[in-house]
Novice: 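One structure coming up, written as structure tokens, with questions to follow.
Nothing here was measured: the structure is a model prediction, and the numbers come from that model. Quick note on labels: first sequence line is chain A, next is B, and so on, each numbered from 1. All heavy atoms count here, side chains included; hydrogens, waters and symmetry mates do not.
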Protein chains: 2
Amino acid sequence: MLPDLKLAPLRYLLSIIDTGGFHAAAKQLHRSQPAISMAVRDLEERLGQRLFEKGNGKAVLTPFGRWCEPRFRELVAHHDRVCRDALAIASQQRGRVDIAAVPSVASRLMPTLLAGFLEAYPGIDISLQDGHSERVNEMVLKGEVEIGITSLWLPDDALTFEVLLHDDIGVVCRDDHPLAQKDALHWHALKPYTLIRNGTSRLLEGSPAEELLKNSTLYISNMISLTAMLEAGIGVTTLPRLAFQEEHDRLRFIPLSTPHLQRNMGLLRRAGQTLSPSGEAMQTYLLNQLRDAS
Amino acid sequence: MLPDLKLAPLRYLLSIIDTGGFHAAAKQLHRSQPAISMAVRDLEERLGQRLFEKGNGKAVLTPFGRWCEPRFRELVAHHDRVCRDALAIASQQRGRVDIAAVPSVASRLMPTLLAGFLEAYPGIDISLQDGHSERVNEMVLKGEVEIGITSLWLPDDALTFEVLLHDDIGVVCRDDHPLAQKDALHWHALKPYTLIRNGTSRLLEGSPAEELLKNSTLYISNMISLTAMLEAGIGVTTLPRLAFQEEHDRLRFIPLSTPHLQRNMGLLRRAGQTLSPSGEAMQTYLLNQLRDAS
DNA sequence: TCCAGTGGTAAGTTTTGCTGATCATATTAT
DNA sequence: ATAATATGATCAGCAAAACTTACCACTGGA
């Protein structure tokens, strides 16, 4: 029913109007003049009405042509707009990435990383939200975010995980604690002291140091509370290095040498779900930055 | 710089989304399946990003594809809208004609003509304005209206004139006037009576009856006033039949048989200016209606 | 009358887009 | 398991579309 008006002939038409002639339009469009003539004639046949008439040798728009002109202009402009936007997104010049990260990463790692990314990709909008491991998993799984940054939780075939960095586990205690001056610790050294468990303590599970957990009677999930406990000298805890906030000048972080425990921080994505162009940009940027660093 | 997104591939893409598969889309579009595949691949190459990915054998939109879908939908819809409107106008199903007519035509002829036109072309808007001969000429010349209906004024190469009907000149007098009972008149019969000239009196110029004008001392341009004068029995006048309002039961119209004078009413257009499709419709309608009648 | 414009026309070539057959792969049924 | 039936991808061949070159017809101004 509806004939397809191809864009090229519409452009020809507009160019003829703008330049005032078939020859001039042909030059402007890098086409031969007959190509223009034929395209216009074809367009006229599709519409069933003449668009140009010859007034004293020159081509002049018919009333119908004058009616068409602004609509064709709009249509071509619309096309160009869509096309330009699509290319901008495809070429990672514009877009949006939604990221979820575990609090330690969000606060310790992301600020500088995102600053660099923002500079490299000024057109891409970023949304970063933090949440504990399970919440990050969930957000990635539900498609609320494209990329999650977390330690590997449960292997799940609906998710893919790519390691970014290894985060050493260590002991945190107050600076006047007997352990505070050591450079490295064997887990045995912790036995005499009160161990405060926290959300990351499960990282000890499956290692020799797991025994320590059995003797711990205190569990604090909130980081602020945990810090306060440690500052009060109530006991010691274990934390990944990234989760330890170095700004606290009364607290010390001592790496655990035996066993040498790490949590694998990495990039979590939905399996089988390709990234948006901007997500792709973010992923490669993060991989480059963090792979280089380790 | 900007690649041209042709409409057909966009339609293919949308059809794939709607039908949920390449094969189904191919059937819907009456194309072979490879045609769809190739068009999509070409589109992907132009944009520099994949639009579909294979998830479990089926094709699923990528995030980029999901971004594109609504814009492509809009663009295609825009095209179809413009296309449909243009075709409607070209096929004279919609549009607008501006007409100017001399008062006699506007009030005596146009009402029934336009009623018929409105029925035949329900989608076309009409604007009719009346004015004296010179004003009609001017409106056509300036492009304020496409079509004028008037008696031929001065031949002008910027205007084309096509005769529609011949309007007989006659004498108008009160029903108790000595001439009132005649069926036809020789101009000599008018000599004894007071002749009131009016705007149409120039039609007598160049004919034997021109002599009558020289003896007339009264000129009334306004039709209402003229009618009042005649009703008062002040004298007689000459008028084209169309300009004589038959509703006045005290006035009579007697055709002038010698000389047999007519004014040629016709269709006035700008020379070298083709009509809009709706103007074309109006012109042919008027020609058919009035040519048949005469 | 010629000359420099205009746009239109015709033959030939390149490009594009399509079909039909075939392939690789995954899901479903037997 | 294995066959049957989906999915989409690939390739060769062909036909239609679009373009180019060369030429024609017409107009308006030197």
Novice: Would you tabulate the nitrogen or oxygen pairs shorter than 3.5 Å linking the protein to nucleotides 25-27 of chain D?
Specialist:
none

Novice: B:Glu53 has an atom CD; how far is it from atom P of C:dT25, in whole Å?
Specialist: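 In whole Å, C:dT25 P and B:Glu53 CD are 18 Å from each other.
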Novice: Examine distances only and state if a side-chain atom of B:Thr62 and a backbone atom of B:Arg50 form a donor-acceptor pair shorter than 3.5 Å.
Specialist: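 It does hold such a pair.
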Novice: Indicate the ring-plane relationship of B:Tyr121 and B:Tyr285, choosing parallel, tilted or perpendicular according to the 30° and 60° boundaries.
Specialist: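 Taking B:Tyr285 first and then B:Tyr121, their aromatic rings stand perpendicular (interplane angle over 60°).
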Novice: Heavy atoms within less than 4.0 Å of DNA chain C: which residues of residues 62-71 of chain B have one? Give them sorted by number.
Specialist: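 When residues 62-71 of chain B is checked for heavy atoms under 4.0 Å from DNA chain C, there are no hits whatsoever.
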Novice: Between atom CD1 in B:Ile36 and atom P in C:dT19, what is the gap in whole Å?
Specialist: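 Result: 8 Å.
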Novice: Tabulate protein N/O versus nucleotide N/O from nucleotides 10-18 of chain D, keeping only pairs under 3.5 Å, one per line.
Specialist:
from   : atom 1 : to     : atom 2 : distance (Å)
D:dA18 : OP1    : A:Lys6 : NZ     : 2.5

Novice: Find the distance B:Glu44:CD to D:dG8:C1' and express it as a whole number of Å.
Specialist: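 From B:Glu44 CD to D:dG8 C1': 12 Å.
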Novice: Does A:Glu146 reach the main-chain N or O of A:Ser276 with its side chain, forming a donor-acceptor pair under 3.5 Å?
Specialist: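 Pair found, side chain donor or acceptor close to backbone of A:Ser276.
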Novice: Measure the distance from CD1 on A:Ile16 to C1' on C:dG8 and round it to the nearest whole Å.
Specialist: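 Whole-Å distance recorded here is 13 Å.
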Novice: Just the rounded figure in Å: distance from P of D:dG8 to NZ of B:Lys58.
Specialist: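 These atoms are roughly 7 Å apart.
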Novice: Tell me whether the count of non-hydrogen atoms from other residues, nucleotides or ligands lying under 6.0 Å of CZ in B:Arg11 goes above 12.
Specialist: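 Yes, the 6.0 Å shell around CZ holds more than 12 heavy atoms from other groups.
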Novice: Could you state the atom-to-atom distance from CD1 of B:Ile17 to C1' of D:dG8 in whole Å?
Specialist: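 Rounded to the whole Å, the gap is 16 Å.
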Novice: Without decimals, in angstroms, what is the distance between B:Leu29 CG and C:dG17 C1'?
Specialist: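 Atom CG in B:Leu29 sits about 14 Å away from atom C1' in C:dG17.
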Novice: Hey, does A:Thr274 have a side-chain heavy atom less than 4.5 Å from the side chain of B:Phe64?
Specialist: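 Heavy-atom side-chain distance check fails, nothing below 4.5 Å.
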Novice: Let me know the distance between CD of A:Glu45 and P of C:dG8, rounded to the nearest Å.
Specialist: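 After rounding, the gap between these two atoms is 12 Å.
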Novice: Is the closest side-chain heavy-atom distance between A:Leu286 and A:Ile149 below 4.5 Å?
Specialist: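 They are in side-chain contact.
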Novice: Taking only side-chain N and O atoms of A:His23, does any of them lie within less than 4.0 angstrom of OP1 or OP2 on C:dG7?
Specialist: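 Yes, such a contact exists.
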Novice: To the nearest 0.5 Å, what is the distance between CZ on A:Arg202 and CD on A:Glu205?
Specialist: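 Nearest 0.5 Å value for the CZ-CD distance: 7.5 Å.
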Novice: Quick check: closest heavy atoms across A:Gly279 and A:Ile147, and the distance to 0.1 Å?
Specialist: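 Scanning both residues, the minimum pair turns out to be O-CD1, 3.6 Å.
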Novice: Within a strict 4.5 Å, meaning less than it, do heavy atoms of the A:Thr160 and A:Leu268 side chains meet?
Specialist: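 Counting from C-beta outward, A:Thr160 and A:Leu268 never come under 4.5 Å.
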Novice: Got B:Leu267 and B:Gln283 here, is their nearest side-chain heavy-atom distance under 4.5 Å?
Specialist: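 Side chain of B:Leu267 against side chain of B:Gln283, heavy atoms only: contact under 4.5 Å found.
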Novice: Within the structure provided, determine whether B:Glu144 and B:Arg135 are in side-chain contact (heavy-atom separation under 4.5 Å).
Specialist: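 SC-SC contact between B:Glu144 and B:Arg135 confirmed.
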